Amino acid sequence: MTVFRWFGTAALAALVAATQLSAQRAPAPRPQTASPAPGTSALQGLPGAQILPTTQALFDGYVRDRKMPGIVGAFGLGDLPTVFVSAGTVATDPGAQPAGPDSLWRVYSMTKPITGMAAMLLVEEGRLSLDDPLSKYFPGFAHMKVLTSPDTSLETRPARAPITIRELMTHSSGIGYQINAQGPLLKEYERLGLVPFSANAQTEAVARKTRPASLIAFAERVAQAPLVAEPGTTWHYSMGLDVLAAVIEKVSGQKFERFVHARILDPLGMSATDFQVAPGNVARFATNYAFAGDQLIPLDPAARSVFLQPPSFPYGGAGLVASARDYDRFLHMLQDAGTLDGVTIMKPETARLAMSNLLPPGVSYKNKEGVAQGFGAGGVVYLADEAGGASKGSYGWGGAAGTVAIVDPARRFRGTIMVNYFPGERYPLAKETFAALARDAARLHPGVPR
């Protein structure tokens, strides 16, 4: 998970003033359409390159140096128009469309905050409790086993405590993940088909041989696997949000994807976000790459992408494709405590609870710098102000292919970065982007301390 840093309060005020000035000069953003018109500029809506030239230069440099074919950033302050900064194209192929606000990207684990917020809607309605045992909805989790040596053996002992919904959405349930398992446990996950993730058509063909065909069957299969830790005792990145999606399906009585569309995506106008890419949108869909040394190799070409076919089931932890414009609207709703453009998705108290530290007592998530942080409904939570950085209460997460999302409710700031390459942490993209934003803000307001 990327470490997020951005500019301080005074510099934010300078950027607000510049954005207001630009809004007076620039035409209103065009409404989102199903597909951008031919010849559409990579910069749509407000002229982000003029407002944030240092950030634009950073993005241009990444593309020029062939570190990535294209990149899009969406940055918002309060309820002012979102500023989009774009560079490059959605693929290295000749004739590929310019990357822009409506380009489509695999957001992978940035699906998790959306799943977390979907569960919080059921908590708000009293249909689900954070401290409910998971076995209330899936009895197979009533008597779990915990591995005594997760990396080397499948020997187990009985779990001392039940898994709760709280633990499920904060990666403290003791459930593991195929992406960080090894040895016998990895082989057990593969045997059970516990691979809620799609990389490309080739790996998908193998995964589907054993993967359950429905979300409910998947959750029931997870209950057959041993835990990597005692529930409620440690933070361990997991399939918890995929199992949580199954809980949402059971409790709501709706297919998970229908619930997410009806309660979050459709009301927010996130029409480009889905678990599958429609054929008519392939031209604006980015190709996902992998690195071979310093060379970008197409891993999942858009024209033949695994995301063009229906998934085995909607992966609540890693299944969505979205545009920068769409994900910005999701963050904007959270920034405004549950409401956007007069549409209420959740109550303010629900949004605040979802973005608060929901981890069990004594458990923390530590970032790459070893700083203890909290974890809310599918995303990291900052427990204190950072000097020159994030405010207490900031919330966000990133995706395996390099995407980044963060919202700072106290400063009413939000940021989304869209790219697609493995491994997503190859470059310090978030750190460099927010440093560039700070320099842009300082340029707009000379002498302002950051």
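Remember, predicted model here, so these are calculated numbers, not experimental data.
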May I have the list of side-chain donor-acceptor pairs in residues 300-314 shorter than 3.5 Å, sequence neighbours left out?
from: Asp300; atom 1: OD1; to: Val306; atom 2: N; distance (Å): 3.2
from: Asp300; atom 1: OD2; to: Arg106; atom 2: NE; distance (Å): 3.1
from: Asp300; atom 1: OD2; to: Arg106; atom 2: NH2; distance (Å): 3.1
from: Asp300; atom 1: OD2; to: Ser305; atom 2: OG; distance (Å): 2.6
from: Ser305; atom 1: OG; to: Phe307; atom 2: N; distance (Å): 2.9
from: Ser312; atom 1: OG; to: Arg211; atom 2: NH1; distance (Å): 2.8

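- Side chains of Val343 and Ile345 form a contact here, defined as non-hydrogen atoms less than 4.5 Å apart.
- Partners of Asp274 under the salt bridge (charged side-chain N to carboxylate O under 4.0 Å, His left out) rule, at least two apart in sequence or in another chain, do not exist in this structure.
- Leu58 approaches Ala436 most closely through the heavy-atom pair CD2-CB, 4.2 Å.
- More than 12 heavy atoms of other residues, nucleotides or ligands sit less than 6.0 Å from atom NZ of Lys250.
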> Is there a side-chain hydrogen bond (donor to acceptor under 3.5 Å, both in side chains) between Ser323 and Asp102 once you walk through the steps?
Replying inline: CA-CA 5 Å; Ser323 66; Asp102 298 307; 4.6 Å; no

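- Looking at Leu194 and Val222, their side chains come closer than 4.5 Å, going by heavy atoms from C-beta outward.
- For the residue pair Ser172 and Glu167, no side-chain donor N or O sits within less than 3.5 Å of a side-chain acceptor on the partner.
- Rounded to the nearest 0.5 angstrom, Phe259 CZ and Ile264 CD1 are separated by 7.0 Å.
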> How far apart are the C-alpha atoms of Gln97 and Thr89, what are their side-chain angles, what is the distance that settles it, and do they pass the side-chain contact (heavy atoms from CB on, under 4.5 Å) test?
Replying inline: CA-CA 6 Å; Gln97 281 196 3; Thr89 56; over 6 Å; no

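- Closest non-hydrogen pair, Val381 versus Gly376, comes out as CG2-N, 3.4 Å.
- The pair Glu257-Lys255 does not meet the salt-bridge criterion, since no charged nitrogen lies less than 4.0 angstrom from a carboxylate oxygen.
- Salt-bridge formation is not detected for the pair Asp385/Lys392: no Lys NZ or Arg NE/NH1/NH2 atom is positioned less than 4.0 Å from an Asp or Glu carboxylate oxygen.
- Distance check: Thr416 OG1 to Asp328 CG gives 5.5 Å after rounding to the nearest 0.5 Å.
- Contact annotation: the side chain of Tyr315 never approaches that of Leu241 to less than 4.5 Å [non-hydrogen atoms, C-beta and beyond].
- Put simply, the side chain of Leu437 reaches to within 4.5 Å of the side chain of Leu52, judged on heavy atoms.
- The pair Asp408-Arg414 does not count as a salt bridge, with every side-chain nitrogen at least 4.0 angstrom from each carboxylate oxygen.
- For Thr111 (side chain) and Gly316 (main-chain N/O), no donor-acceptor pair under 3.5 Å exists by modelled atom type.
- Between the CD1 atom of Ile163 and the OG atom of Ser173 there is a distance of 5.0 Å, given to the nearest 0.5 Å.
- Using a 4.0 Å cut-off between charged side-chain N and carboxylate O, Glu125 and Arg263 make a salt bridge.
- Here Arg166 pairs with Leu130, Asp131, Thr164, Leu358 under the side chain to side chain contact (heavy atoms under 4.5 Å, CB included) rule; sequence neighbours left out.
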Which atom pairs, donor and acceptor, lie under 3.5 Å between side-chain atoms of residues 59-67 and protein residues at least two apart or in another chain?
from: Asp60; atom 1: OD1; to: Gln56; atom 2: NE2; distance (Å): 3.0
from: Tyr62; atom 1: OH; to: Glu432; atom 2: OE1; distance (Å): 2.8

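- Between the side chain of Asp336 and the backbone N or O of Gly338 there is no donor-acceptor pair closer than 3.5 Å.
- With sequence neighbours excluded, no residue forms a ring pair (Phe, Tyr, Trp, His ring centres under 6.0 Å) with Tyr289.
- Taking the ring centre of Phe291 as origin, the terminal cationic atom of Arg426 falls inside the region bounded by 6.0 Å and 45° from the ring axis.
- Under a 3.5 Å cut-off, the side chain of Glu249 and the backbone N or O of Phe256 do form a donor-acceptor pair.
- Legend: side-chain hydrogen bond (donor to acceptor under 3.5 Å, both in side chains) pairs involving residues 237-248, not counting sequence neighbours, sorted by first then second residue: Ser109-Tyr237, Lys112-Tyr237, His171-Ser238, Tyr237-Trp397.
- Judged as a salt bridge (charged side-chain N to carboxylate O under 4.0 Å, His left out), the pairs with a partner in residues 337-363 (not counting sequence neighbours) are, in order, Arg329-Asp341.
- A donor-acceptor contact shorter than 3.5 Å is absent between the side chain of Asn420 and the backbone of Trp105.
- Smallest separation of non-hydrogen atoms from Lys366 and Ala372: CG-CA, 4.1 Å.
- Closest approach of Ile175 to His236, counting heavy atoms only: O-CD2, 3.9 Å.
- In this model, no donor atom of one side chain and acceptor atom of the other lie less than 3.5 Å apart for Thr54 and Arg439.
- Checked by atom type and distance alone, the side chain of Asp93 never pairs as donor or acceptor with a backbone atom of Ala96 at under 3.5 Å.
- Using a distance-only test at 3.5 Å, with no hydrogens or angles considered, a donor-acceptor pair links the side chain of Asp326 to the main chain of Thr273.
- Interatomic distance, His261 NE2 to Met270 CE, rounded to the nearest 0.5 Å: 9.5 Å.
- Residues passing the side chain to side chain contact (heavy atoms under 4.5 Å, CB included) test with Ala119 are Leu128, Met169, Leu244, Ile248, sequence neighbours excluded.
- Not counting sequence neighbours, the partners of Thr344 by the side chain to side chain contact (heavy atoms under 4.5 Å, CB included) test are Thr339.
- Considering only heavy atoms from C-beta on, Ser103 stays 4.5 Å or farther from Met418 through its side chain.
- Atom CZ of Arg258 sits in a sparse spot, with 12 or fewer heavy atoms from other residues, nucleotides or ligands closer than 6.0 Å.
- Every side chain to side chain contact (heavy atoms under 4.5 Å, CB included) that Leu186 has, sequence neighbours left out, goes to Gln178, Ala181, Glu190.
- Counting heavy atoms from C-beta on, the side chains of Ile165 and Val247 come closer than 4.5 Å.
- Annotation: the span from Ile71 atom CD1 to Thr403 atom OG1 amounts to 11.0 Å, rounded to 0.5 Å.
- Looking only at side-chain heavy atoms (C-beta outward), Thr287 and Val90 stay at 4.5 Å or farther from each other.
- To the nearest 0.5 Å, atoms OH (Tyr395) and CG (Leu334) are separated by 6.5 Å.
- Closest of all the heavy-atom pairs between Ala99 and Ala87 is CB-O, 3.7 Å.
- Between Thr203 and Val206, every side-chain heavy-atom pair lies at or beyond the 4.5 Å cut-off.
- Under the rule for a ring pair (Phe, Tyr, Trp, His ring centres under 6.0 Å), the partners of Phe422 that lie at least two apart in sequence or sit in another chain are Tyr108.
- Sorted by first then second residue, the ring-ring contact (aromatic ring centres under 6.0 Å, His included) pairs that include residues 318-337, not counting sequence neighbours, are Tyr327-Phe330.
- Side chain of Asn281 to main chain of Ala278: no donor-acceptor pair is present (N/O by atom type, distance under 3.5 Å, no hydrogens or angles).
- Summarising the geometry of Pro69 relative to Thr92, their closest heavy-atom pair is CB-CG2, 3.8 Å, with the distance given to 0.1 Å.
- For Trp235 (side chain) and Thr170 (main-chain N/O), a donor-acceptor pair under 3.5 Å exists by modelled atom type.
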